Visitor: 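This is the structure I have questions about; it appears just below.
Please read all numbers here as calculations on a predicted model, not as lab measurements.
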Amino acid sequence: MSSEYQSVPEKCGKILIVGGYGQVGYMIAERLAPELPGRIALAGRSLNKAKTAAAKVGYDTEGRAVDIFAMDVGDALNDIELVLVCLDQTSTGFVELCLSRGIHYVDISAEHDFHSQVEALDDLAKRNEATALLSVGTAPGLTNLLSARARDQMEQLDRIDILLQFGLGDHHGQAAVEWMFNNLDTTYSVMDNGNARQVRSFGESIALGLPNSREKRSAYRFNFSDQHVIGRTLEVPSVSTWVQFENRLTTWLFAVSSRAGLGRLLRRPFWRKIAVWLFMNVHIGSDVCGVAVRARGRAKNGAEEITVGVIGRNEAKMTAIIAAEMTRQVLTLNQEAGVSHSEQTIEIDPVIAALSREFNDMFVSI
């Protein structure tokens with residue numbers, strides 16, 4: 001039976017959302033708490049902030065003080081069935097602690113290096129009958145699921161190109177903005193005809209469009225983690241992720257600024273602070289967020305390429321909706337123990353249904 005129609009089973013274990021009073025963590029709690037009353041706990045370094053956010057969520061949600069970086073968890077994990085982390089980490093100490101206790105683990109991080117470290121914990125997870133899910137959210141996450149859906153429509157798959165389109169009217173959390181600035185001047189590897197090739201963020205462009213668009217326009221390389229994963233998990237010889245803004249001029253300005261050294265400038269605290277504030281507080285245009293996956297090769301319908309995609313609003317909200325549904329699937333589908341990425345275990349149709357319930361004007365082509 002599809003997880004869309006399954007309710008979360010009655011269990012005593014709680015779901016701990018680390019970073020739960022941040023933008024995305026709080027929205028995830030809002031969606032899980034009504035279905036899991038008394039089972040949601042929001043966690044962060046500030047107990048007061050966690051309790052305040054928990055009170056706003058309601059449904060007997062509680063707040064707990066947890067510092068995963070200092071490994072200061074006390075007895076906060078004693079009654080936990082699943083941990084969902086909404087903070088970026090550089091080491092796996094906390095992940096190992098969860099898995100060693102048999103606690104399921106879900107992470108919305110977009111950092112490929114961290115994902116690789118967690119993948120190495122597969123045996124630990126299996127020994128303790130725990131599930132760890134990576135590539136959770138919009139990108140990575142929805143992009144991975146759409147890539148898997150595209151693959152299923154192909155007889156021969158030679159290449160996947162992932163497009164992310166953002167609107168400058170959207171509201172992003174500080175962590176998301178910081179991550180984007182950190183990757184403006186990044187060199188990384190992509191799979192090109194089965195071989196690794198070094199590329200640079202905003203260093204190359206191709207013409208791509210969303211499924212409902214009659215035109216294609218320039219999109220630029222960016223270091224999202226999905227492209228590093230699906231080449232291996234979906235066995236695709238060439239995979240790349242590209243970004244563009246709804247406004248053509250803004251896309252071009254970002255590309256020019258990146259090539260002129262904006263990324264290096266934003267490593268300086270003074271300019272970084274100004275740039276983060278501007279991006280979080282100055283909103284021009286819409287909050288439309290579009291995701292598209294173009295697959296090339298030979299489709300089952302005879303076409304040389306197909307494009308699937310989703311167009312919604314508010315990328316942070318989309319991430320929260322997707323993360324909440326993926327978490328629910330981990331709790332309900334009795335997934336095998338071990339570490340996996342979303343495209344390997346998560347059903348896309350309930351994810352699309354969850355998004356459609358909250359975005360009446362959402363466009364879907366899958």
Visitor: Could you report the tightest heavy-atom contact between I162 and S147, atom names first, then the distance?
Guide: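 Closest approach of I162 to S147, heavy atoms only: CD1-OG, 3.9 Å.
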Visitor: Going by heavy atoms in the side chains, are C86 and I17 under 4.5 Å from each other?
Guide: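 They are in side-chain contact.
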Visitor: Taking Q227 for its side chain and T241 for its backbone only, find out whether a donor-acceptor pair lies under 3.5 Å.
Guide: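 Yes, the answer is positive, given that a donor and an acceptor are paired below the 3.5 Å cut-off.
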Visitor: What's the separation between atom CD1 in I160 and atom CZ in R294, rounded to the nearest 0.5 Å?
Guide: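 Spacing of CD1 (I160) from CZ (R294) equals 11.0 Å.
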Visitor: Can you tell whether the side chains of D158 and R296 come within less than 4.0 Å, N to carboxylate O?
Guide: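 Salt bridge flag = no for R296 with D158.
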Visitor: R313 and D361: side-chain contact (heavy atoms from CB on, under 4.5 Å), yes or no, with the steps?
Guide: CA-CA 9 Å; R313 295 182 178 276; D361 57 347; 2.9 Å; yes
Visitor: Honestly curious: do V229 and V293 fall in one hydrophobic cluster under the side-chain, below-4.5 Å linking rule?
Guide: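 Hydrophobic grouping puts V229 apart from V293.
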Visitor: Does any N or O in the side chain of K300 come within less than 3.5 Å of the main-chain N or O of D152, such that one atom is a donor and the other an acceptor?
Guide: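 At least one qualifying donor-acceptor pair exists.
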Visitor: Sub-3.5 Å donor-acceptor pair from the side chain of D107 to the main-chain atoms of S109, do we have one?
Guide: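 Yes; at least one donor-acceptor contact below 3.5 Å.
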Visitor: Is the closest side-chain heavy-atom distance between L333 and E347 below 4.5 Å?
Guide: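 Yes, side chains in contact.
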Visitor: Using the six-membered ring of Y21, assess whether NZ or CZ of K56 lies under 6.0 Å from its centre and within 45 degrees of the ring axis.
Guide: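 Checked: cation-pi criterion not met.
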Visitor: Between S240 and D161 (side chain of the first, backbone of the second, donor and acceptor by atom type, cut-off under 3.5 Å), is there such a pair?
Guide: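 Flag not set: sc S240 to bb D161 has no pair under 3.5 Å.
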Visitor: Could you tell me whether a side-chain N or O of H228 sits under 3.5 Å from a main-chain N or O of S189, the two making a donor and an acceptor?
Guide: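 Yes: the side chain of H228 pairs with the backbone of S189.
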Visitor: Before you tell me yes or no, could you show the steps for T186 and N223 under side chain to side chain donor-acceptor pair (under 3.5 Å), namely the whole-Å CA-CA distance, both residues' side-chain angles and the distance that decides it to 0.1 Å?
Guide: CA-CA 7 Å; T186 301; N223 191 24; 4.9 Å; no
Visitor: Would you kindly confirm whether V199 and F224 end up in one hydrophobic cluster when ILVMFWY residues are joined by side chain heavy atoms under 4.5 Å apart?
Guide: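 No, it is not one cluster - the side chains of V199 and F224 are not joined through contacts under 4.5 Å.
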Visitor: Decide side-chain contact (heavy atoms from CB on, under 4.5 Å) for E81 and R39; before the verdict, give the C-alpha distance in whole Å, the side-chain angles of both, and the deciding distance to 0.1 Å.
Guide: CA-CA 9 Å; E81 179 182 354; R39 289 184 60 193; 2.8 Å; yes
Visitor: Quickly, which of L163, L164, T138 forms a side-chain contact (heavy atoms from CB on, under 4.5 Å) with T143? Name it, please.
Guide: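 Answer after filtering L163, L164, T138: L164.
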Visitor: How far apart are the closest heavy atoms of W242 and E204, and which atoms are they?
Guide: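 W242 and E204 have their closest heavy atoms at CZ3-O, 3.5 Å.
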Visitor: Given 3.5 Å as the limit, does a donor-acceptor pair link the side chain of Q117 with the main chain of T90, or not?
Guide: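 Yes; judged by distance alone, with no hydrogens or angles, the pair exists.
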Visitor: Please check: side-chain N/O of Q244 versus main-chain N/O of S218, any donor-acceptor pairing under 3.5 Å?
Guide: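 Such a contact is found between Q244 side chain and S218 backbone.
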Visitor: Do Y59 and I28 sit in one hydrophobic cluster, given that two such residues count as connected whenever their side-chain heavy atoms are within less than 4.5 Å of each other, even indirectly?
Guide: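 They do not share one cluster, since no chain of ILVMFWY contacts under 4.5 Å joins Y59 to I28.
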Visitor: Is a side-chain donor-acceptor pair under 3.5 Å present for S342 with N144?
Guide: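 N144 vs S342: no donor-acceptor pair found between side chains.
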Visitor: For atom CD of Q156, decide whether the heavy atoms of other residues, nucleotides or ligands shown that lie under 6.0 angstrom number more than 12.
Guide: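 Atom CD in Q156 is packed in, count exceeds 12.
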Visitor: Would the Y188 and H112 ring centres measure less than 6.0 Å apart?
Guide: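 No, the ring of Y188 stays outside the 6.0 Å limit from the ring of H112, centre to centre.
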Visitor: Applying the 4.5 Å side-chain criterion to the ILVMFWY set and letting contacts propagate, would M27 and V310 be lumped into a single cluster?
Guide: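 No, no single cluster joins them.
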Visitor: Is it the case that the side chain of Q153 and the backbone of N301 share a donor-acceptor pair, with hydrogens and angles ignored and the cut-off at 3.5 Å?
Guide: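 Looks like no, no N/O pair under 3.5 Å.
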Visitor: Looking at every non-hydrogen atom in both residues, tell me the closest pair between A33 and V57 and how far apart they are.
Guide: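 For A33 and V57, the tightest heavy-atom pair comes out as CB-CG1, 3.6 Å.
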Visitor: If I compare all heavy atoms of P211 with all of A292, which pair ends up nearest, and what's the gap?
Guide: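 Where P211 meets A292 most closely, the heavy atoms are CD-CB, 3.9 Å.
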Visitor: Looking at every non-hydrogen atom in both residues, tell me the closest pair between L145 and M326 and how far apart they are.
Guide: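 Heavy atoms only, the tightest pair is CD1-CE, 3.7 Å.
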Visitor: Rounded at 0.5 Å granularity, tell me how far CD1 in I322 sits from OG1 in T327.
Guide: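 Rounded to the nearest 0.5 Å, the CD1-OG1 separation comes to 11.5 Å.
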Visitor: Counting the benzene-type ring for Trp, do H341 and H115 have ring centres under 6.0 Å apart?
Guide: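 For H341 and H115, the ring centres are under 6.0 Å apart.
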Visitor: If you round to the nearest 0.5 Å, how far is CZ of R149 from CG of L142?
Guide: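 Nearest 0.5 Å value for the CG-CZ distance: 11.0 Å.
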Visitor: Checking side-chain contact (heavy atoms from CB on, under 4.5 Å) for the pair R217/Q165: CA distance, chi angles, key distance, verdict?
Guide: CA-CA 11 Å; R217 56 189 182 84; Q165 185 186 99; 3.5 Å; yes
Visitor: How about T92 and E96: does a side-chain donor come under 3.5 Å of a side-chain acceptor?
Guide: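 There is such a pair between these side chains.
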Visitor: Hey, what do you get for SG (C98) to NE2 (H104), rounding to the nearest 0.5 Å?
Guide: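 Taking SG in C98 and NE2 in H104, the distance rounds to 11.5 Å.
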Visitor: Within this structure, what is the CG-OG1 distance for the pair L47 and T52, rounded to the nearest 0.5 Å?
Guide: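 Atom-to-atom, L47:CG and T52:OG1 are 9.0 Å apart.
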Visitor: Search all heavy atoms of G338 against all heavy atoms of A125 and return the closest pair with its distance.
Guide: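 Heavy atoms of G338 and A125 come nearest at CA-CB, 3.8 Å.
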Visitor: Is the shortest heavy-atom distance from the side chain of I366 to the side chain of D349 under 4.5 Å?
Guide: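 Contact flag for I366/D349 side chains = yes.
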Visitor: State whether a side-chain donor-acceptor pair under 3.5 Å links T131 with Q335.
Guide: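 Checked: T131/Q335 side chains show no N/O donor-acceptor pair below 3.5 Å.
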Visitor: Show your working on side-chain contact (heavy atoms from CB on, under 4.5 Å) between E325 and L355 and close with a plain yes or no.
Guide: CA-CA 9 Å; E325 169 57 29; L355 288 167; over 6 Å; no
Visitor: Hey, quick one: are L82 and V351 part of the same hydrophobic cluster, counting side-chain heavy atoms closer than 4.5 Å, chains of contacts allowed?
Guide: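 The answer is yes; both residues are in one hydrophobic cluster.
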Visitor: With a 4.5 Å heavy-atom cut-off, do T345 and E336 have their side chains touching?
Guide: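 With C-beta onward as the side chain, the pair stays apart.
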Visitor: Please round to the nearest 0.5 Å and tell me the distance separating atom OH of Y220 and atom CZ of R200.
Guide: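 So the gap between those two atoms works out to 12.5 Å.
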Visitor: Tell me whether E235 at atom CD has more than 12 heavy atoms from other residues, nucleotides or ligands lying less than 6.0 Å away.
Guide: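 No, the 6.0 Å shell around CD holds no more than 12 heavy atoms from other groups.
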Visitor: By the rule that ILVMFWY residues connect when side-chain heavy atoms come within less than 4.5 angstrom, directly or transitively, which residues belong alongside L134?
Guide: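 Noted: L134 shares its cluster with L16, V18, V66, I68, F69, M71, V73, L77, I80, V83, V85, L87, F94, V95, L97, L99, I103, Y105, F114, V118, L121, L124, V339.
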Visitor: If you measure from the Lys or Arg side-chain nitrogens to the Asp or Glu carboxylate oxygens, is any gap between R64 and D75 under 4.0 Å?
Guide: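 No, no charged N to carboxylate O under 4.0 Å.
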Visitor: Is it true that E343 and R151 have a side-chain N and a carboxylate O under 4.0 angstrom from each other?
Guide: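 Judged by the 4.0 Å cut-off on N to carboxylate O distance, E343 and R151 do not form a salt bridge.
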